[in-house]
Structures are given as C-alpha cells and as structure tokens.
Amino acid sequence: MSHELPKTYDPSVIEERWAEYWVREHLFDVATPDGTADDAKKFTMLLPPPNVTGRLHMGHMLNQTEMDILTRWHRMRGETSVWIPGTDHAGIATQMMVERQLASEGKNRRELGREPFIERVWQWKELYGGAILDQMRRLGASVDWSREYFTMDDRLSVAVKECFVRLWEQGLIYRGAYIVNWDPAIQTAVSDLEVEHEERAGKIYHIRYPLADGTGSIVVATTRPETMLGDVAVAVNPEDERYKALIGKLVRLPLSGVNGGPDREIPILADDWAKPEFGTGAVKVTPAHDPNDFAIGQRHGLPNLSILNDTAHVDLPGSHYDGLDRYAARERMIEDLRELDLLVDIKDHTLSIGLSQRTGVVIEPRLSQQWFIKIQPLADKAIEAVEQGHIRFTPDQYRKTYEEWMKNIHDWCISRQLWWGHRIPAWHCIKCAEINVARETPTACAKCGSTELTQETDVLDTWFSSGLLPFTVFGWPGTEGSNGLTPDLTAFYPTELLVTGFDILFFWVARMVMLGCHFMLDVPMPDGSKRELKDAVPFREVYIHALVRDADRQKMSKTKGNVIDPIEVVTKYGTDAVRFTLASMASPGTDIAFSESRTEGYRAFANKIWNAARFLFMQADRAKEAGYTFSMQASGTVPDLPANTPLETRWIFGRLSAVSAEVDRALTDYRFDEAAAAVYQFFWGEFCDWYLELIKLRLEFGEGHEKNDVTALTLASLVASFEAALRLLSPFMPFLTEELWHALYENNAPAKSIALTRYPQPTDFAADEASVAAMTTLQELITTIRALRKELGVPEKEAAPINLHGDNRIVALVDANRDMLSRMARVSSVEFAEATLSGSNARATASFDVAVIYERQIDVVAERERLSKELAKLEKGLMAAEKQLANETFMSKAPAHIVEGLRKQSAETKMLYDKAKAALDALPPA
RNA sequence: GGGCGGAUAGCUCAGCUGGUUAGAGCGCCUGCCUUACAAGCAGGAUGUCGGGGGUUCGAAUCCCUCUCUGCCCA
C-alpha cells in the first residue's frame with residue numbers, strides 16, 4: 001500500500017472526524033470498577049462545570065488543555081482515568097438570559113408566573129445549553145461523556161436537598177434579617193464574593209442637622225444623602241472634643257416629614273466607628289442600608305428603618321420622595337437641602353463601590369430575610385485539611401491565599417430571590433410561623449399541626465450545589481437507608497486533582513473543601529472503617545493555572561473587544577497547534593499573553609511531524625520496491641540492536657529514553673511548558689534535524705545498493721522510534737498523532753486509538769549513554785565544520801577536506817563515522833593531525849581542533865573582529881576563573897566538585913585562549 | 001488600608017532550594033527552492049538579569065530599600 005499524504009498538513013480535514021470518533025466509540029467512558037481484583041491506580045478529576053449559558057473562551061481552553069494532557073498521560077500510563085464533564089445551571093446568568101428573551105417578546109417573568117417561567121428556562125437549556133460541551137468535543141477533551149451531569153438533574157437535586165436538610169438539622173443553617181448585598185436589577189441577594197469593588201470618583205456631602213432644642217446644629221458627612229430618610233441616629237466619636245457636649249441630644253432629621261407632618265427626631269450617640277478625621281467627624285446612622293451602620297444599630301439597640309424597595313426606589317408613603325429611584329432621590333434631596341440652607345459643602349471624594357458581578361449594577365446593601373450557613377465549623381475542617389497536607393496546592397502560594405480567606409471567613413448567604421435554581425426545602429406555617437425543613441413536602445406543621453403551609457420561594461446559591469459535586473456526581477447519598485457509600489464513591493472518591501483558575505478559588509474550590517470534608521466524614525471507608533479527614537477531602541491536589549490575556553497582556557473583555565475566540569483560532573491553526581501554544585506558555589504563576597505568532601510556530605511544528613511521516617512512508621515504499629519485507633504492524637516493537645547497529649539508531653533510542661523521563665518529571669510537577677519544550681526539542685531538534693538526516697545514509701536503494709541487514713534494521717528502528725514519538729506527543733497533539741498513528745498501522749492498528757496505548761517510559765528504550773555522548777561529540781564537530789565552511793565561503797554544495805586534531809577517542813569516533821561527516825557537513829576527506837591546529841581556517845573546541853581546507857581568502861577584517869571578540873570573552877572568563885582559584889577562602893570553603901569543575905574549566909579556557917590568540921596572530925596584517 | 005506576584009535578548013517567557021562562560025520560541029541578519037517539510041535547511045548577531053545597598057569565597061538567584069507594574073482582600 002502506498003501512502004499519499006498531502007505535502008502540507010491541513011488540520012481541518014482530520015480534527016472533526018477524530019473528535020466525533022472519540023465520542024462515538026465511547027473511548028474514554030469508564031465503567032464503575034466492580035471492586036474485584038482491581039488494583040490499577042486511579043486518576044479522577046472533575047471538569048469545573050462551565051455555565052450552561054457559557055461560550056468557550058481561552059480560559060476554558062487552557063483549563064481543558066491542561067486537564068486533557070494530564071488525563072491522556074495518566075490513561076496511557078495504565079491508570080483508570082476518569083474525567084467527568086457537566087454544566088452548571090448558573091442561577092442568575094441563566095435567569096437573566098431567559099428574562100432578556102422574554103423582554104424581547106414584550107413579556108416579563110412575573111406575568112408568566114413561576115412554573116411557566118421555569119418551564120421556559122428548561123426549554124432554553126435544551127435548545128442552547130449544550131453549546132459549550134459541543135465546543136469541548138471539538139477540542140478533543142477526553143472526558144467520560146457517559147457520566148455527564150447537569151447540576152439540576154433529578155439525582156443531583158435530591159442530593160442538594162439532602163445536604164440542606166442535614167445542615168439544618170445540624171444547626172448549621174439559620175434564617176434571619178441581615179444586611180446583605182442586594183442586586184436591584186435582578187432583585188436578589190448575592191454573596192460577598194459576587195460583589196466586585198471599584199474605585200470611582202464621587203462626592204461627599206456635608207449636611208446640617210438642626211438640634212431639636214433649637215440650640216444649634218451638627219454637620220454630618222455622607223456619600224449617600226438619599227439614605228438619610230432611613231437615619232435613626234447620628235454618631236460621633238466619644239473622644240471627639242468637638243461633639244462631646246452634644247452626645248445624648250436629639251436632632252431633627254431634615255426632609256423626613258411625611259404627609260406634611262414634622263421631621264423625625266433622632267439621637268446623637270457616641271460610637272468608635274465615627275472617625276474624627278473622616279468628613280466632619282459626625283456620621284449619620286442608617287442601619288437598614290449600610291452594613292457598618294447596621295452594626296452600630298445592633299450595638300445601640302436602634303430600630304431598622306428600610307426606605308428603599310427591592311428595585312432601589314424610595315419606599316416611603318407620604319414622603320414626596322416616594323417612588324423615586326435612589327439617584328433621582330439623591331438629586332432632588334440635595335436641591336431641597338440647598339434651598340433649606342442645610343447643605344454646607346460638597347467635596348470630591350473617591351469611593352469604593354460594590355458592583356454586582358452578574359448585572360454590573362451598583363449593589364444596594366439592604367436589610368432582608370435570608371438563609372445563611374454558619375460557616376466556621378466547616379471552615380475549621382477545611383483549614384485543617386490543608387494545614388495537615390491532605391490537600392496540596394500548586395503553585396504553593398495559593399495555599400496561603402486559601403488559608404487567609406478561610407481564617408477570615410463570614411457566614412455564607414445561600415438564599416437567592418430567583419426562580420431558577422434549587423428551591424429551598426422549607427415550608428412556612430402560616431399559623432405559627434414555624435419553619436418546616438423537610439426532604440418531602442410536609443402535610444402539616446410539625447409544631448402546631450396546621451395544614452396551612454407555604455413553601456419558601458427562595459432558591460439556593462448556585463455555588464451551593466456545585467460545591468457538592470465531588471461526591472454528588474458519584475451518586476451520594478445513594479439509596480434510602482444506605483450509608484452513602486455508592487460503588488462509584490468507593491472507586492473514585494476522593495478525586496485526585498482539581499485544575500482551575502484562581503478566580504474561583506473561593507467561589508468553588510474552598511466551598512468544595514468545606515462541604516466535602518463535612519459530608520464525607522460521615523461516609524465510611526469501603527472497608528467499613530471510619531473515614532478520616534485525609535480521605536474526606538474532595539481532591540488531593542489543586543493546580544491553579546494562569547489567566548489568558550491578549551498579546552498585549554491586557555485582560556480579555558467584551559467591552560475592550562480584545563476577546564480571542566478559541567474556536568476561531570482553532571479553525572485557523574488547528575486545535576493541536578493551539579493546545580501546544582497554551583501548554584508551552586503555561587508556566588506556573590505567570591499569566592499567558594496569547595499571541596498568534598507562537599501558534600504559527602506550533603502549526604509549523606505540526607506540519608513538521610506530518611512531513612516526517614511522509615518521509616517515513618516514502619522510505620517504506622521505496623524499501624518495499626527494493627524487496628525489503630517488513631511489517632508496519634510491528635511499529636510498536638523496538639527491534640533488538642545487534643553489534644553493527646549504526647550510532648544514530650542507538651542514539652535516538654537513548655534520547656527517547658531520556659525524553660520520556662523528562663516529560664514524566666515535568667508533568668508530575670505540572671510543568672506543561674517544560675514537557676512541551678522537551679517533546680518539541682526532541683522531535684524537531686533531534687529526531688528530524690539529526691536522526692532523519694543521518695539515516696538517509698542507510699536508506700539507499702536501487703543500483704549498487706544490495707539488500708543488507710543495516711538497512712533493514714534502520715527501517716524497523718525508524719518506524720519504531722517514530723511510533724514511540726507519536727505516543728510521546730499524543731497527549732499534547734491528540735488529533736495529528738491519532739491520524740498518523742492509524743496511517744502508520746495502515747488502518748489496522750492494535751488499538752482503537754493511540755490514546756489507549758502505553759505512554760513511552762524511560763525503560764522502554766536502551767539508555768546507552770556512551771552512544772549519546774559519542775553522538776554529542778559528532779554533532780559538535782559537524783556544527784563547527786558547518787560554521788567554518790560558511791565563514792570561509794565554501795559553496796553549500798561543494799565538499800571540502802578537513803584536518804582534525806584530537807585524542808584517540810575522537811580519532812576513532814570520526815574514523816568510524818566518516819560517512820556522517822560527509823553527509824552532514826560535506827566533508828570530502830579527513831586527515832588527522834598530530835599537532836594542534838590554528839590559522840584562519842581552523843576552530844578549536846575543548847575536545848578537538850578542526851580545519852577546513854579551502855582556497856579562498858577569508859575576510860581578514862571580519863575574522864579579526866570575530867577573533868578579537870572571542871579572545872576578549874575568553875580572557876574575561878579566564879581572569880575570573882584564575883582570580884577565584886587564587887582566592888584562598890574560596891579554595892578552602894567551596895565544595896570540592898565546584899573547585900574541581902572550575903579548575904577544569906579554567907584549563908579549557910586557557911587552551912582556547914591560546915588557540916584564539918595564535919589564530920589572531922596568524923592573520924595577515926590588515 | 002492589608003496581602004500576594006512580576007520587572008532577564010526587539011517581543012513573549014524559562015532559569016531563582018546561591019556554584020563553572022545566563023537559555024528557549026518568535027522576530028532580526030546572511031546563504032541555500034539539498035526529491036519529508038520554504039509552515040523548510042544551514043549559519044549568525046543580540047542581555048552592566050529594573051535602580052541602589054547588604055550577606056557570601058561566589059548573587060539573575062538570599063536580605064533590605066527605592067521605582068515601575070499586575071492581582072486579591074477590606
């Protein structure tokens with residue numbers, strides 16, 4: 001069979017075919033181990049579930065590339081590797097999406113009603129929710145699609161409810177009226193984490209509050225004058241001399257009268273919160289609309305007066321500000337205060353405001369009834385798990401970030417006033433107000449027996465359900481009456497690794513640790529023993545990756561318009577090239593500035609691999625025509641290497657061994673960049689540049705070239721080393737390697753996919769260090785000759801003789817490999833010299849001198865300059881070395897091997913220096 | 001305000017548990033369309049390792065400080 005590969009690699013024709021094949025053939029689906037005679041190591045990982053509304057961005061692609069490389073690598077090392085995909089129902093984001101859709105039809109969700117609205121969201125999800133997973137398939141992510149989940153699936157919903165009920169029963173969930181971050185756009189509470197702080201230019205207003213007894217006034221400073229309608233006090237610092245006399249007096253709160261009535265009277269009180277240096281030193285206290293003021297109110301037993309409704313409009317019947325938006329109210333009130341001559345001053349002030357992460361509107365701190373998790377007991381375990389090393393962070397610095405956050409954690413507001421999400425399983429008794437939390441809808445109040453129950457309307461924070469995923473995806477809590485230990489949980493919990501970005505370190509990672517430790521401690525070990533913290537953790541390792549930025553290091557954002565769509569780049573350069581780009585730039589702790597020039601380079605790399613395959617197939621065809629019989633089916637077998645095995649063949653297997661070790665080490669340390677560099681350098685710089693060029697010497701067919709063992713061995717070795725290289729590359733470039741691997745086996749491969757074969761291991765190949773060392777010397781010699789030839793102006797095609805001086809080892813090596821010199825450096829003949837060589841046509845290295853015999857005069861000026869420069873560099877090195885060696889403290893304190901190394905280096909430098917000096921002196925005068 | 005990170009070749013980044021003459025890719029310069037590959041081959045140039053100070057026999061690497069810069073938390 002002849003192989004007709006196009007001259008240039010075109011990823012578009014093969015990638016979609018393989019992506020579809022991998023899914024269709026269920027290659028990466030993993031059945032639950034039955035527990036019998038299964039001692040294979042396991043590698044389990046959860047895909048951070050993208051929002052069901054999401055579109056793939058570069059961050060996803062980086063994340064998935066890293067996870068896929070690791071999963072493929074572990075899988076090829078024979079481990080049971082499960083990578084579980086799914087999507088998150090993303091409460092706010094999804095509800096917004098559908099509300100927007102409704103708005104475009106002139107409707108809103110309230111008209112529609114709760115149940116029909118939720119129905120509508122499900123329809124939306126069915127239609128569009130799969131988009132991001134389809135994009136994942138296109139990237140070749142080797143996930144187990146049979147285990148795909150959605151966070152609102154029935155089985156997960158049951159688990160979420162179970163967790164909520166248990167936490168309630170354990171007294172770890174409470175409900176109460178607290179100041180929370182309120183998003184007036186979508187009208188729900190959000191957690192602290194969902195608020196983004198931004199510095200903005202604003203104003204600070206100084207407002208005069210008259211004393212009720214008419215003896216004067218006090219001027220308060222505020223950035224939010226509109227909330228003064230909700231003021232219940234004025235606070236001053238107890239140490240502030242200016243105001244000491246006023247403490248305990250009442251002020252008349254301007255603008256606060258309703259229905260034409262008088263203004264309210266509120267007290268002046270002393271509280272440390274009032275900072276004398278801030279503003280006027282007197283602050284208004286508005287407990288219902290500011291978290292700090294709420295705390296003051298608690299301390300002093302003040303009432304909470306809410307004056308803004310859930311859309312942040314003034315809600316104060318009878319007031320002439322009633323119904324105004326918060327900012328409109330502010331303007332109107334400032335005008336009114338000015339008219340009343342109570343506005344003392346307006347100053348510029350930079351303030352930090354909270355913005356809703358989802359909607360972008362300014363958060364309104366608002367007093368409302370919410371559900372909270374008492375987080376401290378959970379956080380304690382989560383801190384312990386990390387401090388005791390049961391969970392390891394890479395890079396390690398994130399451990400500190402995590403611990404810092406955990407130690408300063410606040411109770412978690414888990415209720416959301418949304419419709420889309422897991423509805424809180426609580427029923428309020430209309431008669432006695434008892435809260436009935438239950439797994440099944442109760443028929444009567446547990447306290448008073450009333451049947452008048454209404455279900456809580458709030459749903460749970462999306463992160464509550466995703467925080468449970470590490471065990472709920474494995475079927476927890478299992479069947480009724482079970483201990484929660486399902487077969488999947490037995491086999492796969494804890495997962496091995498979590499790969500994610502630091503942006504969800506607190507949102508998700510921290511919550512998983514807390515909830516995982518909390519719930520799993522109650523699940524026994526497979527052998528029935530009690531589970532300890534080290535086995536209750538949701539994952540043993542966390543790898544935090546960088547942010548992908550644009551080529552100018554700017555954060556990608558829609559508003560800047562610099563978002564790079566991975567699917568676009570993938571279409572342009574091929575998935576493999578983009579994956580390789582991300583992998584090679586993924587060095588820990590540094591953001592990735594994604595630039596297409598890098599990707600272009602890796603597309604060239606893919607093309608290089610493609611063409612190496614073309615070369616191989618071409619040689620195979622020629623060999624067959626020449627009567628060689630060998631089977632491509634033996635590609636996976638490294639041939640025995642007899643005594644007459646050519647050096648380059650011993651060398652390439654030696655290198656394969658070393659590179660396999662290097663890749664293993666790099667991936668163990670999550671050094672994707674080093675792993676990628678190692679395979680790149682090996683394949684291009686060694687396999688193609690040296691090995692393929694050298695074996696052309698052995699692959700001569702036709703007239704005058706009899707069939708021989710060396711050629712046969714070379715063919716077998718070529719195929720075997722290439723096949724191994726493909727396996728080595730396949731986690732990084734799964735599409736290209738899959739295509740070529742099947743082609744290599746002539747579509748009769750020993751496995752359904754290269755991904756199901758063995759990853760090259762150092763011991764799979766003879767390390768043969770002597771051959772590697774010999775080859776390194778020859779490479780140095782060849783490179784030196786090439787450089788000399790170029791300098792002397794020897795035409796590329798013209799062969800030239802050389803003189804060589806070196807020790808016996810070099811002489812023997814060169815003598816045995818004259819054919820290499822001839823092919824790689826156009827050497828016509830070699831003459832060995834007894835004495836050192838110098839002169840303008842010679843170069844000296846530490847191990848040999850070589851001269852190229854060529855007539856043409858060299859450029860004396862250029863050569864003088866080159867030699868002078870080199871001489872200066874050598875002299876500098878030599879001086880430094882000699883100075884060190886003359887330094888007694890160095891000689892006495894430095895370790896022996898350092899001193900010895902320096903001595904050797906110094907001697908070599910001296911030799912090179914002398915040679916360069918001689919060469920310079922030998923140059924004719926300018 | 002508290003904390004973390006970064007500053008190394010024109011660009012993007014490695015190297016940093018101190019140790020021999022600081023690397024890679026891209027870009028740049030020169031010569032080659034050598035039947036695997038011009039998305040290629042061969043050769044070449046390029047850095048007072050942000051400034052200053054200190055520790056040490058020895059500092060890109062450790063410490064202090066300054067400047068610039070990014071991020072997280074409040």
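Chain letters run A, B, ... following the sequence lines, proteins first, then strands; residues in each count from 1.
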Remember a base hit wins even if backbone is also touched, and classify [X] as base, sugar-phosphate or nothing at under 4.0 Å, heavy atoms.
| X | result |
| --- | --- |
| A:L692 | base |
| A:R671 | sugar-phosphate |
| A:K696 | base |
| A:Y602 | nothing |
| A:E796 | base |
| A:D689 | sugar-phosphate |
| A:T783 | sugar-phosphate |

Rounded to whole Å, please give me the gap between [atom1] in [X] and [atom2] in [N].
| X | N | atom1 | atom2 | value |
| --- | --- | --- | --- | --- |
| A:R826 | B:C32 | CZ | P | 14 Å |
| A:L788 | B:A42 | CG | P | 17 Å |
| A:Y691 | B:A36 | OH | C1' | 15 Å |
| A:I409 | B:C73 | CD1 | P | 13 Å |
| A:E674 | B:G23 | CD | P | 16 Å |
| A:W684 | B:A36 | CH2 | C1' | 13 Å |
| A:Y402 | B:C71 | OH | C1' | 21 Å |
| A:F672 | B:A14 | CZ | C1' | 16 Å |

Query raised in the report: Below 4.5 Å, heavy atoms only, C-beta onward: do A:Q619 and A:R614 meet side chain to side chain?
Result: no
Check ion pair [X]-[Y] (N to O, under 4.0 angstrom):
| X | Y | answer |
| --- | --- | --- |
| A:K696 | A:E693 | yes |
| A:R698 | A:D819 | yes |
| A:E674 | A:R665 | yes |

From [options], nucleotide with atom closest to [X] side chain:
| X | options | value |
| --- | --- | --- |
| A:F615 | B:A42, B:A36, B:C37 | B:A36 |
| A:Q397 | B:A36, B:G31, B:G5 | B:G5 |
| A:A604 | B:A36, B:C26, B:A39 | B:A39 |
| A:M585 | B:A42, B:U12, B:C37 | B:U12 |
| A:A787 | B:G44, B:A36, B:C4 | B:G44 |
| A:K797 | B:A42, B:U34, B:A36 | B:U34 |

Report task. Using the closest heavy atom to pick a nucleotide of RNA chain B for each, name whichever of A:T401 or A:D10 lands nearer the 5' end. Result -> A:D10
Query raised in the report: For RNA chain B, whose closest nucleotide is more 5', that of A:D673 or that of A:I782?
Result: A:D673
Euclidean distance for [atom1], [N] against [M] (whole angstrom):
| N | M | atom1 | result |
| --- | --- | --- | --- |
| B:C49 | B:A14 | C1' | 13 Å |
| B:G25 | B:C33 | C1' | 25 Å |
| B:G15 | B:A24 | P | 15 Å |
| B:C37 | B:U20 | C1' | 39 Å |
| B:G43 | B:A7 | C1' | 33 Å |
| B:U17 | B:G1 | C1' | 34 Å |
| B:U48 | B:A9 | P | 8 Å |
| B:G18 | B:U55 | C1' | 11 Å |

Query raised in the report: Passes side-chain contact (heavy atoms from CB on, under 4.5 Å), A:F672 versus A:S584? Steps please.
Result: CA-CA 6 Å; A:F672 299 96; A:S584 59; over 6 Å; no
**Report entry** Under 3.5 Å donor-acceptor pair, A:E693 side-chain atoms to B:A36 base atoms
**Finding:** yes
Report task. Can you check whether any acceptor in the base of B:C37 is under 3.5 Å from a donor in the side chain of A:K608, or vice versa? Result -> yes
Query raised in the report: Has A:E387 got more than 12 heavy atoms of other residues, nucleotides or ligands less than 6.0 Å from its CD?
Result: yes
Does a side-chain N or O from [X] land closer than 4.0 Å to OP1 or OP2 of [N], or not?
| X | N | value |
| --- | --- | --- |
| A:W690 | B:C41 | no |
| A:R598 | B:G25 | no |
| A:R603 | B:C37 | no |

Query raised in the report: Any donor-acceptor pair under 3.5 Å linking the side chain of A:D669 with the backbone of A:R671?
Result: no
Report task. Taking the six-membered ring for Trp and the single ring otherwise, decide whether the centroids of A:Y602 and A:F580 are under 6.0 Å apart. Result -> yes
**Report entry** side chain to side chain donor-acceptor pair (under 3.5 Å) partners of A:T784, counting only residues at least two apart
**Finding:** none
**Report entry** Paired stretches of RNA chain B - 3 or more consecutive Watson-Crick or G-U pairs, each distance under 3.5 Å
**Finding:** B:1-7 with B:67-73, B:10-13 with B:23-26, B:28-32 with B:40-44, B:50-54 with B:62-66
Report task. Output, in order, the C-alpha distance, side-chain angles, deciding distance and verdict of ring pair (Phe, Tyr, Trp, His ring centres under 6.0 Å) for A:Y691 and A:F687. Result -> CA-CA 5 Å; A:Y691 178 66; A:F687 188 80; 5.3 Å; yes
